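Owing to the predicted nature of the structure, the values given are computational and were not obtained by experimental measurement. Just so we're on the same page: letters track the sequence lines, and every chain starts at 1.
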Amino acid sequence: MAADIERIRHSFAHVMAEAVQHLYGGVKFGIGPAIQDGFYYDFLFPKPVAEEDLRAIEKEMRRIIAQDQIFVREEVTKEQAKELFRDQPFKLELIEGLEEGTISIYRQGDFVDLCRGPHVESTRELKPDAFTLKTLAGAYWRGDETRPMLTRIYAYAFASKAELEAYLKMLEEAEKRDNRRLGKELDLFSTHEEAGAGLIYWHPKGGRFRVALEDWWREEHYKNGYEILFTPHIGKSWLWETSGHLGFYKENMYSPMKIDEDNYYIKPMNCPFHIMIYKSQTRSYRDLPLRWAELGTVYRYERAGALHGLMRVRGFTQDDAHIFCTPEQIEGEIEEVLRFSLSMHKTLGFKEIKAYLATKPKGDGAVGDPARWEQATESLRKAIEKEGLAYEIDEGGGAFYGPKIDLKVKDAIGREWQLTTIQFDFNMSERFQIEYIDSDGQRKRPYMVHRALLGSIERFFGVYLEHTAGAFPLWLSPEQVAVIPVAPLFDEYVKEVTAILKGKGIRATAMLSEERMNAKIRDAQNQKIPYMVILGQREKDDRTVSVRLRTGGQENGIALDAFVARVLEKIETKALDL
RNA sequence: GCCCCUGUAGCUCAGUUGGCAGAGCAUAUCCAUGGUAAGGAUAAGGUCAACGGUUCGAUUCCGUUCGGGGGCUCCA
């Protein structure tokens, strides 16, 4: 976020606080920072506030802005600050946390706030029509559940009215693409509260997408030197005690079920199972690298409030893989994973991809040899640079068990989504004591890398729905061709053409209902079916087809054979156009 | 779990300042001879989320519970 827009947003936040102070005597102030698309401020209100009250606050803010109030910075001692904010418990707590020395405060109008700044010079620099108060939300003081809950007012704010309007338009577009909405409109999936929250039911059309995606995924993995595994959905407590999950991951695991005299847990991760296969025999350095992939379905507990359509669920299928390799191989392996991931994203049509490298956490919570952390982190960094990816380093942001790279893709309306994650795992390899015999006859510990390229099939489906607005590329479209007669008289030719297309493996549907042609075209268009083939007397006589494209194009009198060849070619090459 | 919003037909939503519940789409039946985004008619479809309370009377007002959405937290 550029410094000037941050300054504007933060200044807006102070103006909102001033407005709230005018309208609600006795209000206590939390904090009010600038955020990605605006700002918020946390308040403890003396009486309940409702959404309708936001309009009054906005009005007061506009009145303040019109007064051309100057933002004045002052520096005071800690003692003076405590005196100044004696009625503001949250501010006092913040002051306590500050280092000794002078503390800066900002005044505008009759409002004063503890603040590092900077701010704009005057409210004149804030455009009264470049912000809007969005929602009320609850937020714990300092994000801590055990602390009081404050009322947070979120707002969108920009430097100009035009930017605000463009942003609101993007949000409107995002709402139209909402995965839950498209899932219903395109009959792809559903969820059923009465049958269990956060569990996805894939309908026939969603199933067609998934099969096409997974078939491709498996094919690509074989091409890239992976083997595909299938492992159980449950495992005895021994497995989870050994892996450590019952220690550090238990709150995300479901209660065990008793089988004979043992407790079995449904799996939240696939790693321990892959390790069991690794340990099923003595491994030589000649066997490495091992690249083992699995579309592994896992179940994790998520709090009810966190569940969201396809994006956050309780049961999902990871496109998981584990790579076991020697230290000499690690650099090449990481490069390969990254290259593989990028090639998949490219095929799927994502153009902008950014990497986030998370390094070793501070303190002594991290497991594993520091030299290995060093080598692992270095291999990640090198791979990113080799691919020429834009990246950011999240210093100390890695898990306790290893450094990682996450890749985020930018979607069609500019939002970023995390799909790929590539993580080293020093913990599991230690706990299960996995080894290989090196060329010198010594037992050594291989590197273990955990990776998911799409993340999970469910979440990817959600992201892809929102990215494409449901207009999937041909090869992933549940229905690829809708075959429509001009009138019932041509049903026979429609059936014949449909049969030919299906015979070639093309997902074609004959639309033979009583509806009129226009209605069928409308239905097919709304279902985002890529090709609509319209057949009447002319086409029947010449053995041609008239093709209407989902994108609005129209091509008449194409020879049937030529059309079939073209569709097959577009599917084969996974073309993004029609 | 907590804060705010919300719950009317399969779907999208009206509506009742407390007096027998409405539309469009979808569904079913019938009618309709044909060229690129909805042909027409009829029918069926509801314990107005559930349970209490106030009232002559509650879908409407109040309370509780259960869902859904947006946040906090977490992350694939």
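- Between the NZ atom of Lys520(A) and the P atom of A38(B) there is a distance of 15 Å, given to the nearest Å.
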- Encoded 5' to 3' (Watson-Crick or G-U under 3.5 Å; [ ] crossing; | other strand), RNA chain B becomes (((((((..((((.....[..)))).(((((.......))))).....(((((..]....))))))))))))....

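- Counting any heavy atom pair closer than 4.0 Å across all strands shown, Ile484(A) reaches no nucleic acid atom.
- G10(B) atom P lies 19 Å from atom CD of Glu185(A), rounded to whole Å.
- Side-chain rings of Phe340(A) and Tyr226(A) approach one another, their centers coming within less than 6.0 Å.
- No engagement by Asp523(A) is indicated, since no non-hydrogen atom pair under 4.0 Å with the nucleic acid exists.
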- Query: Going through the checks in order, is the side chain to side chain donor-acceptor pair (under 3.5 Å) test met by Trp417(A) and Asp411(A)?
  - Reply: CA-CA 8 Å; Trp417(A) 301 96; Asp411(A) 76 6; 3.0 Å; yes

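- At the heavy-atom level, Glu555(A) lies nowhere under 4.0 Å from the strands shown.
- Donor-acceptor pairing under 3.5 Å is recorded for the side chains of Lys267(A) and Thr231(A).
- The interatomic distance linking Asn518(A) (CG) with A37(B) (P) rounds to 6 Å, in whole Å.
- Looking only at atom types and distance, the side chain of Thr421(A) has a donor-acceptor partner in the side chain of Gln423(A) under 3.5 Å away.
- Contact annotation for Lys184(A): backbone-only contact, meaning every heavy-atom pair under 4.0 Å involves sugar-phosphate atoms and none involves a base.
- Geometrically, Arg9(A) engages Phe158(A) in a cation-pi contact, judged by NZ or CZ lying under 6.0 Å from the ring centre and within 45° of the ring axis.
- Between the base of G35(B) and the side chain of Glu539(A) there is a donor-acceptor pair shorter than 3.5 Å.
- In this structure, the CD1 atom of Ile529(A) is 15 Å from the P atom of A37(B), given to the nearest Å.
- Judged by a 6.0 Å distance limit and a 45° cone about the ring axis, Lys408(A) is positioned over the six-membered ring of Tyr356(A).
- Counting distance only, with no hydrogens placed and no angle test, the side-chain atoms of Arg550(A) and the base atoms of A37(B) include no donor-acceptor pair under 3.5 Å.
- Using a 4.0 Å heavy-atom cutoff across all strands shown, Asp187(A) reaches no nucleic acid atom at all.
- Spacing of P atoms, C20(B) relative to A58(B), comes out at 12 Å, to the nearest Å.
- Side-chain contact of Gln527(A) with Asp523(A): a donor-acceptor pair under 3.5 Å is absent, judged by distance alone.
- Nucleotide A37(B) holds its P atom 9 Å from the CD atom of Gln525(A), rounded to whole Å.
- Taking only distance into account, the side chain of Glu515(A) never meets the base of A38(B) through a donor-acceptor pair shorter than 3.5 Å.
- When the C1' atom of A26(B) is taken as reference, atom CG of Asn526(A) falls 13 Å away, rounded to whole Å.
- At a cut-off of 3.5 Å, with distance as the only test, a side-chain donor of Thr317(A) or Arg210(A) sits close to an acceptor on the other residue.
- Only the P atoms considered, C25(B) is 23 Å distant from A21(B), to the nearest whole Å.
- A straight line from CG of Leu54(A) to P of C5(B) spans 10 Å, rounded to a whole angstrom.
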- Starting at the 5' end of nucleotides 69-76 of chain B, put B wherever the base has a protein heavy atom under 4.0 Å, S where only the sugar-phosphate does, and a dash everywhere else. SBBBBBBB

